[in-house]
Amino acid sequence: DQQVKQNSPSLSVQEGRISILNCDYTNSMFDYFLWYKKYPAEGPTFLISISSIKDKNEDGRFTVFLNKSAKHLSLHIVPSQPGDSAVYFCAASTLTDYKLSFGAGTTVTVRA
Amino acid sequence: DTGVSQNPRHKITKRGQNVTFRCDPISEHNRLYWYRQTLGQGPEFLTYFQNEAQLEKSRLLSDRFSAERPKGSFSTLEIQRTEQGDSAMYLCASSVTGTMGEKLFFGSGTQLSVL
């Protein structure tokens with residue numbers, strides 16, 4: 001049962017433009033959401049997170065937006081850089097459950 | 001380097017053989033997790049420890065899989081009688097509870113290929 005879904009397997013964007021990655025979830029008990037970035041042959045690295053009490057969190061070029069009523073979150077990267085080319089995973093957890101549930105990932109390719 | 005360390009990075013084995021992977025978490029983290037990732041999928045939870053206690057196991061973890069964390073430090077994941085379907089990246093993570101929630105820090109993983 002996939003509780004976290006990333007319906008776009010890939011995204012191609014020109015350098016300097018905005019990348020928008022989307023994530024939907026089904027479990028209304030989720031209250032903490034994270035984005036991870038993964039390069040080939042490496043483990044995922046934490047990028048940014050948001051609590052369910054907020055609707056936006058910003059860290060440099062990365063902003064995560066949360067729409068609880070729609071059970072949807074998105075990651076905005078602006079401006080996109082070649083080093084941003086990677087697989088991005090959306091993940092979620094509940095207050096009482098430490099483990100993360102992950103989406104299938106979106107592969108971002110930033111074109112020069 | 002104080003990150004999560006996993007060994008070996010790669011393991012090639014023949015079907016039916018046993019394999020063991022090791023994970024050294026970040027020293028001050030008391031929770032340790034094992035995940036498995038296959039191509040085109042996100043990491044799937046296998047099991048997690050709080051200190052030395054194994055608190056949860058996924059139904060993905062068949063009886064051929066066993067994990068230990070003696071003394072609440074490093075952890076090992078053993079797969080007995082490997083099958084080709086066990087081929088995957090095995091990821092270890094450790095965590096600390098932040099101001100908003102649990103943040104997991106992952107190692108580089110062990111890529112298992114079962115021939």
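First the proteins, then the strands, lettered A, B, ... as listed; each starts at 1. No hydrogens, no waters, no symmetry mates; every other heavy atom, side chains included, goes into these values.
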**A:Y25 with A:L75, same ILVMFWY side-chain cluster at under 4.5 Å** = yes
**A:L47-A:V108 co-clustered via ILVMFWY side chain contacts under 4.5 Å** = yes
Identify each donor-acceptor pair in which a side-chain atom of residues 10-21 of chain A lies under 3.5 Å from a protein atom, sequence neighbours left out, and give them as a table.
from	atom 1	to	atom 2	distance (Å)
A:S12	OG	A:R111	NH1	2.7
A:S19	OG	A:S80	OG	2.7

**Item:** Hydrophobic cluster membership, A:I48 vs A:I50, 4.5 Å side-chain cutoff
**Value:** yes
**Prompt:** With a distance cut-off below 6.0 Å to the six-membered ring centre and an angular limit of 45° from the axis, does B:K103 pair with A:F46 as a cation-pi contact?
**Reply:** yes
**Fill in**
Residues of residues 64-74 of chain B with a heavy atom under 4.5 Å from any heavy atom of chain A, in residue-number order, are none
**Asked** By a 4.5 Å heavy-atom criterion (distance strictly below it), what part of A:L100 contacts chain B: side chain, backbone, both, or neither?
**Response** both
**Fill in**
Applying a strict 4.5 Å limit to non-hydrogen atoms, the region of A:F33 in contact with chain B is neither
**Message:** I'd like to know if B:L60 and B:L32 are part of one continuous hydrophobic network [Ile/Leu/Val/Met/Phe/Trp/Tyr, side-chain heavy atoms within less than 4.5 Å].
**Reply:** yes
**Request:** Would you mind checking which part of B:Q6 comes under 4.5 Å of any heavy atom in chain A, side chain (CB onward), backbone (N, CA, C, O), both or neither?
**Result:** neither
**Asked** How long is the span from the CZ atom in A:F102 to the CG atom in B:L91, to the nearest 0.5 Å?
**Response** 8.5 Å
**Nearest heavy-atom neighbours spanning A:D97 and B:E56** = OD1-OE1, 3.9 Å
**Item:** Sorted by number, residues from residues 14-25 of chain B in contact with chain A (heavy atoms, under 4.5 Å)
**Value:** none
**Asked** Within residues 37-47 of chain B, which positions have a heavy-atom distance to chain A below 4.5 Å?
**Response** B:Q37, B:G40, B:Q41, B:G42, B:P43, B:F45
**Request:** Consider only side-chain heavy atoms of I, L, V, M, F, W and Y, link residues closer than 4.5 Å, and tell whether B:Y33 and B:L77 are in one cluster.
**Result:** no
**Item:** Heavy atoms of other groups near B:L55 CG, more than 12 under 6.0 Å
**Value:** yes
